[in-house]
There are 2 protein chains.
Amino acid sequence: MSQRAAGGGEGRRPATIRDVAAHAGVSVATVSRILSGTYPSAPATRSKVMRAVRELDYVANANARGLAGASSRSVAIIVNSVVSPHYAHVAQGVQTQAALEGKLCIVGTTGGDPERELATVQLMRQEHAECVILVGNVVNDEAYRQRMTEYARALAAAGSQLVLCGRPALGPDVPALVVEYDNTGGAYAITSHLLSAGHRRILFLGRRDGYTTPDSRITGYRRALADHRVPHDPGLEIDGTMERSEGYRMIRQRLEAGPPDFTAVFAGNDLIAAGARQALREHGLRVPDDISMVGFDDLPPAADIDLTTVHVPHEELGRTAVRLALQRDPGKMAMAQHVLLGTHIIVRDSVRPLRPADATT
Amino acid sequence: MSQRAAGGGEGRRPATIRDVAAHAGVSVATVSRILSGTYPSAPATRSKVMRAVRELDYVANANARGLAGASSRSVAIIVNSVVSPHYAHVAQGVQTQAALEGKLCIVGTTGGDPERELATVQLMRQEHAECVILVGNVVNDEAYRQRMTEYARALAAAGSQLVLCGRPALGPDVPALVVEYDNTGGAYAITSHLLSAGHRRILFLGRRDGYTTPDSRITGYRRALADHRVPHDPGLEIDGTMERSEGYRMIRQRLEAGPPDFTAVFAGNDLIAAGARQALREHGLRVPDDISMVGFDDLPPAADIDLTTVHVPHEELGRTAVRLALQRDPGKMAMAQHVLLGTHIIVRDSVRPLRPADATT
DNA sequence: CTTCATCGGGTAAGCGGTTGCACAACCGGC
DNA sequence: GCCGGTTGTGCAACCGCTTACCCGATGAAG
């Protein structure tokens, strides 16, 4: 029906701006200007050009456009994995905001491997993405800070803005934006929630010294205990990574070593909670009847297991990262170098108040 | 320490191939050839160039490279949403394979809106992605086929290969690849699983006439019933979309209308199963003690709720799509225009054999 | 009826690579 | 000692688009 379907068949070279110009009887410059919109032009010329574009089914070549100096049209996001709900939701936010701003979104995964992270950053550098968003949990050591600083500078030189999402900030002279969320505050709030329900022996699952996310969550946990004058027992902090299977393992090992010496569990995230819950069940312990439990993240598994947890604004994290990075206003830029998003408790049905009798146990 | 950190600081124009050539004392052509690797070169020259590259921290400009005729370096995937586990896993597969082939992956989301799908395809066309992978459930009507045919031809003209992933095929003369998985076979198998356990009244949740995925699943369901000589009761097929909340709604409505007239539930996917399970529980019905249940997809919620389900090779779907599309061999190309991946049952703990007494109910 | 902004549009110089073609240097064989 | 064949580089023409600069036409002002 359209010229395109009939004439522009497969195998044929796609139309260039020259073709459009010829077809419309104007010069390429005119076509370029009319398409980019930012230029006065006679309505007649304009409609001629638009008609030619339609008839030839012309789309601009992004490579050429990018080369010729127009600003890039893409934002990049680098995550550990796309299937992990945490990253997926941040990615969704990035995607959404990018689409809103008319940019497209390129995704790289690292599997947590710094080697691949480096390779991916290089790839993004080649691509001249407008910004590169690095998200997730890391070890905040000197090596990390040095690596990020290098990334930031190299990207800045290529015209891209580095954004650290849920990662610790670097020095003030490093050209990087930071968008974080309040891990410590959330952990504090939900630990207080357990404490108010009368729990005193709260098992923390997923300690991992050196890693920023579990570190700041456990900090909130400890602070809440301290503020409620509950003695801190390091034996209640169990080491493990942020996976479902780890939650299962940690509870299992604990229960095989002896009967539960805790009345509540604070899982480092919802995945751990799901695994822990399964292990508890296999030992005949029900949540919340026998053991109370809370998680962190408020991601899909949480609703399925009726878990009281801390809501993390994952999508907003992604959206904010993009919004900030594309911020053209240099005044605002300087102000918003570092953003901290809030978190809050979502109450479901996984916590029971402890009867005074149990409390003394 | 490195030249880069010291000299190539922020704000400075990134090094071009010309800079490298000058720094190494050779011509740009030589640098280009050495970097692309596909050319003989003297070891001495080679190391000079590599050193210059390192010292200047040079990375090629992808736009320029793309413009100058070198084949594109990216594959594109277009999905409804990144957070839906189904799409996320396919995307993961695409990502993995793309990384393996040294390409990067650009992602677009449509939210299920054909308008945005079109816009996204145009964007990918501009980008000259090597292939564009469209994934997911759709209405297989004339409008759909016509739209896809247009996409396929337009993309082919721009040098991209269209891949339909989990979507129905088009005519044989349309330049599109198809990678599907066996919905009907899986549904047949898992329905048979329920039938073998003695269930006769199996509620199907998530019928949605016209949509390819639920359609082919319900086809397998019906076929299994027929083969087992179980009368088909259309009243057992409940309309609904593929979301968790819908599963909840469907069961809830059913149970509010009267006591259960079924002994098992076949949820159109795992999300529906999760929602349905919750609704059952709220009505005092336990899975599998009171009601047996199976799902489809074998995605995260399934393990959490111990769901017997059909495993869909999501990641492999994505990997295969990329592998096929990048297949350079035209002989194989022709052969593999249409691929069907197998599915199989994963048995967990959500089905109980029906006692003969109940069977007659 | 000039004069001069103003507006709309054309010309052409890049952007940073790739690659066909030409060519110098060096090899062994006659 | 001359010749044909490698090998390794350089030269320069694009790829498709943007944009600085320039110029012809048009209408208002003097």
Side-chain angles (χ1 to χ4, degrees), chain A residues 12-50 52-53 56-74 122-123 125-129 157-160, chain B residues 12-50 52-53 56-74 123 125-128 157-160:
Chain A
R12 179 87 117 272
R13 176 184 59 78
T16 73
I17 197 171
R18 265 176 261 280
D19 301 330
V20 176
H23 197 88
V26 299
S27 78
V28 287
T30 303
V31 176
S32 170
R33 289 197 268 247
I34 286 182
L35 289 183
S36 70
T38 158
Y39 210 80
S41 56
T45 319
R46 193 183 157 66
S47 65
K48 265 194 309 187
V49 170
M50 294 316 267
V53 166
L56 297 172
D57 191 29
Y58 167 79
V59 292
N61 181 324
N63 286 322
R65 198 196 286 259
L67 224 205
S71 67
S72 154
R73 311 221 118 292
S74 52
Q122 295 293 67
L123 229 54
R125 199 137 76 85
Q126 293 190 190
E127 218 63 25
H128 288 246
S160 316
Chain B
R12 179 88 116 273
R13 175 183 59 78
T16 74
I17 196 171
R18 269 170 252 279
D19 300 331
V20 175
H23 197 88
V26 298
S27 76
V28 287
T30 303
V31 176
S32 170
R33 289 196 268 249
I34 286 182
L35 288 183
S36 70
T38 157
Y39 216 80
S41 56
T45 318
R46 195 183 154 66
S47 65
K48 264 195 309 188
V49 168
M50 295 315 268
V53 165
L56 298 172
D57 191 29
Y58 167 78
V59 292
N61 181 324
N63 285 321
R65 198 196 284 260
L67 223 206
S71 66
S72 154
R73 311 221 117 292
S74 52
L123 230 54
R125 199 138 77 84
Q126 293 189 191
E127 218 63 24
H128 286 247
S160 316

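Below, read A as the first sequence line, B as the second, and so on, with proteins coming before strands; counting in each chain starts at 1. Treat the numbers as computed from the prediction; the structure is a model and nothing was measured.
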Practice prompt. Report yes if at least one side-chain N or O of B:Ser41 is closer than 4.0 Å to OP1 or OP2 of D:dG8; otherwise report no.
Written response: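 B:Ser41 to D:dG8 OP1/OP2: no side-chain N or O under 4.0 Å.
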Worksheet item: For DNA chain C, whose closest nucleotide is more 5', that of A:Pro43 or that of A:Ala29?
Response: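 Residue closer to the 5' terminus by nearest nucleotide: A:Pro43.
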Discussion item. Please check: side-chain N/O of A:Ser74 versus main-chain N/O of A:Ala129, any donor-acceptor pairing under 3.5 Å?
Written reply: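 Side chain of A:Ser74 to backbone of A:Ala129, a donor-acceptor pair under 3.5 Å: no, none is there.
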Do you know the tightest heavy-atom contact between [X] and [Y]?
{"X": "A:Val20", "Y": "A:Val49", "result": "CG1-O, 4.3 Å"}
{"X": "B:Asn63", "Y": "A:Ala62", "result": "OD1-O, 4.1 Å"}
{"X": "A:Ala158", "Y": "A:Arg125", "result": "CB-CG, 4.0 Å"}
{"X": "A:Ala157", "Y": "B:Pro14", "result": "O-CD, 3.0 Å"}

Worksheet item: In degrees, rounded to 10°, what is the bend between the two ends of the helix from C:dC1-D:dG30 to C:dC30-D:dG1, using five pairs at each?
Response: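 The two end axes of the helix from C:dC1-D:dG30 to C:dC30-D:dG1 meet at 50°.
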Find the distance between [atom1] ([X]) and [atom2] ([Y]) and round it off to the nearest 0.5 Å.
{"X": "A:Glu127", "Y": "B:Asn61", "atom1": "CD", "atom2": "CG", "value": "8.5 Å"}
{"X": "A:Leu67", "Y": "A:His128", "atom1": "CG", "atom2": "NE2", "value": "9.0 Å"}
{"X": "A:Arg65", "Y": "A:Ile17", "atom1": "CZ", "atom2": "CD1", "value": "8.5 Å"}

Worksheet item: How would you label the contact of A:Ala42 with the nucleic acid (heavy atoms, under 4.0 Å): base, sugar-phosphate, or nothing?
Response: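 Sugar-phosphate, backbone atoms only, no base.
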Discussion item. Categorize B:Val26 for me: base, sugar-phosphate, or nothing, with a 4.0 angstrom heavy-atom threshold over every strand shown.
Written reply: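 Result for B:Val26 = sugar-phosphate.
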Worksheet entry | Atom-pair distance (CZ on B:Arg46; P on D:dT7), nearest Å |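 Those two atoms, CZ and P, are 17 Å apart.
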Worksheet item: Can you give the first and last nucleotides of DNA chain C, 5' to 3', that have an atom under 4.0 Å from a heavy atom of chain A?
Response: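 Contact boundaries, 5' end first: C:dG8 to C:dG16.
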Worksheet entry | Closest-nucleotide 5' rank along DNA chain D - winner of B:Ser27 and A:Ser32 |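 Checking each residue's closest nucleotide, the 5'-ward one belongs to B:Ser27.
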Worksheet item: Got a sec, which residues hit side-chain contact (heavy atoms from CB on, under 4.5 Å) with B:Ala68, two or more places apart in sequence or on another chain?
Response: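 In terms of side-chain contact (heavy atoms from CB on, under 4.5 Å), with neighbours along the sequence ignored, B:Ala68 is linked to no residue.
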Where do N or O atoms of nucleotides 14-16 of chain D meet protein N or O atoms at under 3.5 Å, pair by pair?
residue : atom : partner : partner atom : Å
D:dC15  : O2   : B:Ala68 : N            : 3.3
D:dG16  : N7   : A:Arg18 : NH2          : 3.4

Item to complete: Only pairs at least two apart or in different chains count here, so list each salt bridge (charged side-chain N to carboxylate O under 4.0 Å, His left out) that has a residue in residues 14-29 of chain A.
Response: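 Residue pairs passing salt bridge (charged side-chain N to carboxylate O under 4.0 Å, His left out), neighbours aside: A:Arg13-A:Asp19.
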Result block: side-chain N/O donor-acceptor pairs under 3.5 angstrom for residues 27-36 of chain A, not counting sequence neighbours:
residue : atom : partner : partner atom : Å
A:Ser27 : OG   : A:Ala29 : N            : 3.4
A:Ser27 : OG   : A:Thr30 : N            : 3.4
A:Ser27 : OG   : A:Thr30 : OG1          : 3.2
A:Ser36 : OG   : A:Ser32 : O            : 3.3
A:Ser36 : OG   : A:Arg33 : O            : 3.1

